[in-house]
Each structure stands twice: as structure tokens, then as C-alpha cells.
**Student:** 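The structure is given below, and queries will be raised subsequently.
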There are 2 protein chains.
Amino acid sequence: MEGQPSARATGTAPGLQRADGSPVRVLVVDDEPSLAELLASVLRYEGWEIRTAATGSIAVRTAREFEPDAIVLDIMLPDFDGLEVLRRVRTMLPHVCVLFLTARDSVQDRINGITAGGDDYVTKPFSLEEVLARLRGLLRRAGMARASSGTELTVGDLTMDEDAREVRRGGERIDLTATEFELLRFMMRNPRRVLSKAQILDRVWNYDFGGQAHVVELYISYLRKKVDTGREPLIHTVRGVGYVLKPPA
Amino acid sequence: MEGQPSARATGTAPGLQRADGSPVRVLVVDDEPSLAELLASVLRYEGWEIRTAATGSIAVRTAREFEPDAIVLDIMLPDFDGLEVLRRVRTMLPHVCVLFLTARDSVQDRINGITAGGDDYVTKPFSLEEVLARLRGLLRRAGMARASSGTELTVGDLTMDEDAREVRRGGERIDLTATEFELLRFMMRNPRRVLSKAQILDRVWNYDFGGQAHVVELYISYLRKKVDTGREPLIHTVRGVGYVLKPPA
DNA sequence: GCTACTTCTGAGTATCCTCTGAGCCCCTCG
DNA sequence: CGAGGGGCTCAGAGGATACTCAGAAGTAGC
């Protein structure tokens, strides 16, 4: 919710934009309107220009006219499937990046061929942070990084290499589980900003997660044990509001 | 609530307006007329242009014609719910900010993803200051800040970073509870202006709070202990009238 | 299909916050 | 000089919030 844009403007996370400085363009293709809208609003908030399409044929038409830099593409579509969409789009936009959305039990072997081409995929239900991270990765590798600043996040003496999935505090390696890593990444992308539990749930947990904010407390507790134990704490509780990650004053 | 407008004209708080200099437009949607009017009057004092709507269908129609920058939107509406309203409005106004109003006991069936796209929510019963603060935050992040002045409030050597919820006096950190923070924020947004206890109650405490003005005295006392102890006082009592926050002459 | 790990639920505990009530002080005014 | 009103502060009850543990359910890897 609060403040990604200004965070990007003033924070440490590198922004992404086209070579000419105009905003990155992303086409979102999913036949479920609420999910497409959810994705669109998150990506829009990232400062990008977004269009949505609900069917394969609309997607192809929209891509032709919109000329996106990236496409978030559901494999399963009412008319023809995502791979077919990609085949048609690639003829006019050979360099477009694609992030596929797939069902968990969907045909894995077909996916494998995809990633070879530099594209990527996430399985439904996904977390929004994961979609964002993968999209950023695709765009960065496609040469859309504004600064040459790499993939490293830093808060105080805590560092995170997103690609290598490596976290260190004062040089010492810290092992994190998948969820712990996502949570810490979200916090490191929004340092010095108080994040509510609802905000964290919405971003870090899968979009269909029905549980309570209590899990956030639990994972904060895990993180503290691994990141803050015996050191100057970086994770702080703001009672009644949320949590904030910040370097010691 | 007397006279906020002139406070803004002379105060230090950064104003918000559209890129072309015209006032920010906000649509308030709630089926309870008295609450909608309460909100409308407070937001009008902020210098914004306000319309209200009591049902979802009226809200959609009004949004189309009014083209608001932000919408304060009750989730529970007589015809169709707030999410549906948003979905319809977003197709024509993709960048509109939304502040949802939700009942406290509907926290159980919390709606996923509300905060993900930069939108926000407050639970009923809320305090008007909270609604204002969140709305300002949404609008600021949507790029509606007049000055580039960030999120910082200043009165004398007292500073407040609203996003980080950090308060300092002369560089030294001051820890405040949620209510203390809200009270101080209200005073810092209205410096050199005498605020009556009734006024403070109406703004800082929830609108259904039944207690006495005595709590205001109590919290002023808390604040003084944390903010003014051992220093030139910033908080002054105006006997029989209220309190005023101002830098030393 | 078994094992190891991760994730989540629930309960208990500790801590913190908010508000009420009471007593005191100070100022004002008779 | 005394009474009364307004304001200040202390202390404590009650409630809300957050933390942690232990174990169940789910997932992945062998």
C-alpha cells in the first residue's frame, strides 16, 4: 500500500525504465478479471504502463498496438493458450519478455522449454512480490536497468543478493526459507517505512491466502532469530501499526 | 473544526494539488449520510473538492462525471460492494487512489490484495485524522505533492517523519504510542493555532468515542513528558481555551 | 513411500496501551 | 482570604496487541 513510488525515488532499489526514459510497458493477460486487475494495480504502482487482456486474441491485438516490453501471460486462456499467443506476438516483437502464469499441476515439461529462451514463469497461486521480482529480473536482463547498480540490496550491514538468494549480515551468511526470504526482501525494498501486517500479507503471501495476520508475527519472529539475534536490531515493531526495517541510528 | 484553511495557508505542512494547480478532487462513498457528510466537511476544509454518493451505482456514475483523484469508499454498500465499484471505476480512471472503509468485525473475512496496489483502508470506527493522513499519503505517492518537500513535519527543533513514524527533538529520538503520535501529528499540522479539547477529541479520537475531554489533558501530559521535559516547551496551555504548539519566540 | 523440512494453526504468556478515577495545584474572582 | 473551576498528574484496572512455543498439516526430495 504505502509508498513504493517514493521509496523507489529515494530508496536504494534501482528503478527500471526504457532506454528513452519512458515508463516500461507491460501487458497482463488473464481471463480472471479480478486477478488481472490485481496484477495491473500492483504493476501500475511500480510506475509502469499497463494494459490488460482477457483472451488470447485480444492479447495478440493489444500487443500489436501497445508494443509492450513485457507480457504477464496466463497459460490457460479461453480461446487459445498462452504459448500460441507468444508464438504470434514474437513475430512482431521478437525481444518481448514473458512471464508465464501456470497452475501448479499443469504440464511441467512444456514449461521447461520456455525458460530456456530466457523467459520465466510462476505457478498459481503466486505472491505479488514473486511476480514483481521475476518481472524486474526479466526486464533487467533485457537491458532495461536505468542505473548499472546490480542486484544487491543493502540495509545497514545486512545485504541481499536477489539472484543468488544469498543474505549476509556483517559478512556472515544467513540461511532463510523461501517465505523468510520473500518477507525480508519486501522489507529491504522498503527500508525506513513502516509496513502494516495487511500490507505484508498482501504482498508476500499468495493472493488466495485466507489466514490471519498472525503468521506475519510468526515469520517476523523467525527472521529476528536469524537476522537480529545478538546484534543491534534492524527489525522494529511499531505497536498497532506494523514493522519497520532500518539501520541503527 | 474551525479554520483549518488558514492554518494551511500559513503553516509548514505541504499542500496537495493537481499538476495544473486545481484542487484535488475526492469522492466520498458511504450509505450513512451523516458519516459521509462528516467526512466531506473535513476534507473540504483541506481545500479539496468533494462529492458524495450513497450507493454503488451512484458512485460509479458520479466518478465518471466528476473524475476524482481519490475515492473514500465504504466496502459495505446497499446495492453492490465497494470492490465492484472500484473495478468499474478503474476501467475509466486507472490511476485513481482508493481508501476503503471497513467494519472492524469484518476483519475476519479480510479482502486480499487491497493494500497491494497502493490503495489503503481504515477500519470503522476511525479517527478523522487517520483518514486524512492516509488520504494525504495516497495522494502524495500518486504524485500530487505540490512541493518536493517530503514526508517530514517540523516545528522548531521538533521533527516528525510520518512514513517511518519517527519523531525527533533536536536530533534525539522520541518514542510515542499510537495515540500520542496522532495527537502530536494533529498539533504539528496546526502549529501556532490554539486547538480546543473538543476539536482535538473530534479529530484524533474515533468518531464514536464517548469519553470526556479529560483524556486530552492526560495525553497532553504524556506528550509533555516525552517532548518538552528539560527543554524549552513547545506545548502551551491556553487556559479556558485549549492547547497550542509553537516554537519558542 | 518414506524422511526432512517448511508452513501454518492454536494456545498460553507477557507486555504494552488506553482510559477512569481521585487528589492536588493554581488561578480567578468574590 | 476562601471557594470554585479548570488543569495536571499519579496509580491502577481492563483490554488489546504482540511474542513464542509446540505440534499438526502440507510439501519436496530421495
Side-chain angles (χ1 to χ4, degrees), chain A residues 103-106 108 122-127 129-130 165 167 174-184 194-201 204-229 233 235-244, chain B residues 104-105 107-108 110 112 123 125-127 129-130 165 174-184 194-201 204-229 233 235-244:
Chain A
R104 182 164 298 269
D105 50 2
S106 126
Q108 201 68 29
V122 295
T123 56
K124 289 183 178 185
F126 45 76
S127 81
E129 267 306 291
E130 195 175 344
R165 291 209 144 229
V167 176
I174 297 175
D175 265 321
L176 299 178
T177 68
T179 307
E180 289 164 358
F181 182 86
E182 291 268 304
L183 171 56
L184 184 59
V194 179
L195 303 168
S196 73
K197 288 173 204 168
Q199 229 171 328
I200 293 172
L201 269 185
V204 175
W205 267 260
N206 295 342
Y207 60 79
D208 69 342
F209 181 71
Q212 292 303 299
H214 175 59
V215 275
V216 178
E217 295 170 19
L218 187 61
Y219 271 86
I220 287 284
S221 153
Y222 292 157
L223 268 190
R224 280 185 165 141
K225 221 174 287 178
K226 293 185 177 180
V227 173
D228 276 350
T229 296
I235 303 172
H236 304 269
T237 304
V238 182
R239 200 162 231 271
V241 186
Y243 300 96
V244 59
Chain B
R104 177 165 296 263
D105 51 1
V107 169
Q108 199 63 24
R110 64 173 275 280
N112 285 345
T123 56
F126 44 76
S127 80
E129 266 307 291
E130 195 175 346
R165 288 211 147 225
I174 297 175
D175 267 319
L176 298 179
T177 69
T179 307
E180 289 164 358
F181 183 87
E182 291 268 303
L183 171 56
L184 183 60
V194 180
L195 304 166
S196 73
K197 290 175 205 168
Q199 220 172 337
I200 293 172
L201 266 186
V204 176
W205 268 259
N206 294 343
Y207 59 76
D208 70 341
F209 180 70
Q212 294 303 302
H214 174 58
V215 277
V216 177
E217 296 169 17
L218 185 61
Y219 271 87
I220 287 285
S221 150
Y222 292 157
L223 269 190
R224 280 184 164 140
K225 215 176 293 176
K226 294 184 177 180
V227 173
D228 277 350
T229 297
I235 303 171
H236 305 270
T237 303
V238 183
R239 210 181 156 78
V241 186
Y243 300 96
V244 59

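Every chain is numbered from 1, with letters handed out A, B, ... down the list of sequences. In what follows, every heavy atom counts, from backbone to side chain, and hydrogens, waters and symmetry copies are set aside.
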**Student:** Could you go step by step and tell me if B:Phe126 and B:Trp205 meet the ring pair (Phe, Tyr, Trp, His ring centres under 6.0 Å) rule?
**Tutor:** CA-CA 8 Å; B:Phe126 44 76; B:Trp205 268 259; over 10 Å; no

**Student:** Whole-Å distance between C:dC16 C1' and A:His236 NE2?
**Tutor:**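 Atom-to-atom, A:His236 to C:dC16, this comes out as 18 Å.
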
**Student:** Would you call A:Arg239 and B:Thr177 a side-chain contact if the rule is heavy atoms closer than 4.5 Å?
**Tutor:**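 No, side chains not in contact.
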
**Student:** Go through residues 174-184 of chain A and report each residue with a non-hydrogen atom lying under 4.0 Å from DNA chain C, sorted by number.
**Tutor:**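 Residues of residues 174-184 of chain A under 4.0 Å from DNA chain C: A:Thr177, A:Ala178, A:Thr179.
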
**Student:** Does A:Trp205 put a side-chain nitrogen or oxygen below 4.0 Å from OP1 or OP2 of C:dT7?
**Tutor:**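 The answer is no; no side-chain N or O of A:Trp205 sits under 4.0 Å from OP1 or OP2.
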
**Student:** Please find the earliest and latest nucleotides of DNA chain D, in the 5' to 3' direction, that have an atom within less than 4.0 Å of any heavy atom of chain B.
**Tutor:**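 So the outermost contacting nucleotides come out as D:dG5 to D:dC10.
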
**Student:** I need the A:Tyr243 OH to A:Arg224 CZ distance, nearest 0.5 Å.
**Tutor:**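 One finds 6.0 Å between OH of A:Tyr243 and CZ of A:Arg224.
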
**Student:** Could you list all N or O pairs between the protein and nucleotides 2-4 of chain C that sit under 3.5 Å apart?
**Tutor:**
none

**Student:** When you measure from the side chain of B:Asp228 to the backbone N and O of B:Ile235, does any donor-acceptor pair fall under 3.5 Å?
**Tutor:**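 Yes, because the side chain of B:Asp228 sits within donor-acceptor range (under 3.5 Å) of the backbone of B:Ile235.
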
**Student:** At 4.0 Å (heavy atoms only), tell me whether B:Tyr222 reaches a base, stays on the sugar-phosphate, or touches nothing.
**Tutor:**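 The residue B:Tyr222 makes base contact.
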
**Student:** Taking all atoms of both residues into account, what is the closest heavy-atom pair of A:Glu182 and A:Glu130, and its distance?
**Tutor:**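 For A:Glu182 versus A:Glu130, the nearest heavy atoms are OE1-N, 3.7 Å.
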
**Student:** Give me the one residue out of A:Val122, A:Leu183, A:Asn206 that meets side-chain contact (heavy atoms from CB on, under 4.5 Å) with A:Ser127.
**Tutor:**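 Going through A:Val122, A:Leu183, A:Asn206 one by one, the side-chain contact (heavy atoms from CB on, under 4.5 Å) with A:Ser127 is satisfied by A:Asn206 alone.
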
**Student:** For the helix from C:dG1-D:dC30 to C:dG30-D:dC1, what angle separates the axis at the start from the axis at the finish, each from five pairs, in steps of 10°?
**Tutor:**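 Comparing the first five pairs with the last five, the axes sit 20° apart.
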
**Student:** Specify the residues of residues 206-220 of chain B, ordered by number, for which at least one heavy atom lies under 4.0 angstrom from an atom of DNA chain D.
**Tutor:**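 B:His214, B:Glu217, B:Leu218 - these, ordered by number, are the residues of the stretch whose heavy atoms sit under 4.0 Å from the strand.
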
**Student:** Rounding to an integer number of Å, can you tell me how far B:Leu201 CG sits from C:dT20 P?
**Tutor:**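 So the two atoms are 10 Å apart, to the nearest Å.
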
**Student:** Between A:Thr179 and A:Val204, which heavy-atom pair has the shortest distance, and what is it?
**Tutor:**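 Distance-wise, the nearest heavy atoms are O-CG1, 4.4 Å.
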
**Student:** Give me the distances for all protein-to-nucleotides 27-30 of chain C N/O pairs that come in under 3.5 Å?
**Tutor:**
none

**Student:** Where is the tightest heavy-atom contact between B:Asn112 and A:Phe209, given as atom of each residue plus distance?
**Tutor:**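 Smallest interatomic distance, heavy atoms only, reads ND2-O, 2.9 Å.
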
**Student:** For a quick test of reading the model, state the closest non-hydrogen atom pair linking A:Lys226 to A:Glu180 and the distance between them.
**Tutor:**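 For A:Lys226 and A:Glu180, the tightest heavy-atom pair comes out as NZ-OE1, 2.8 Å.
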
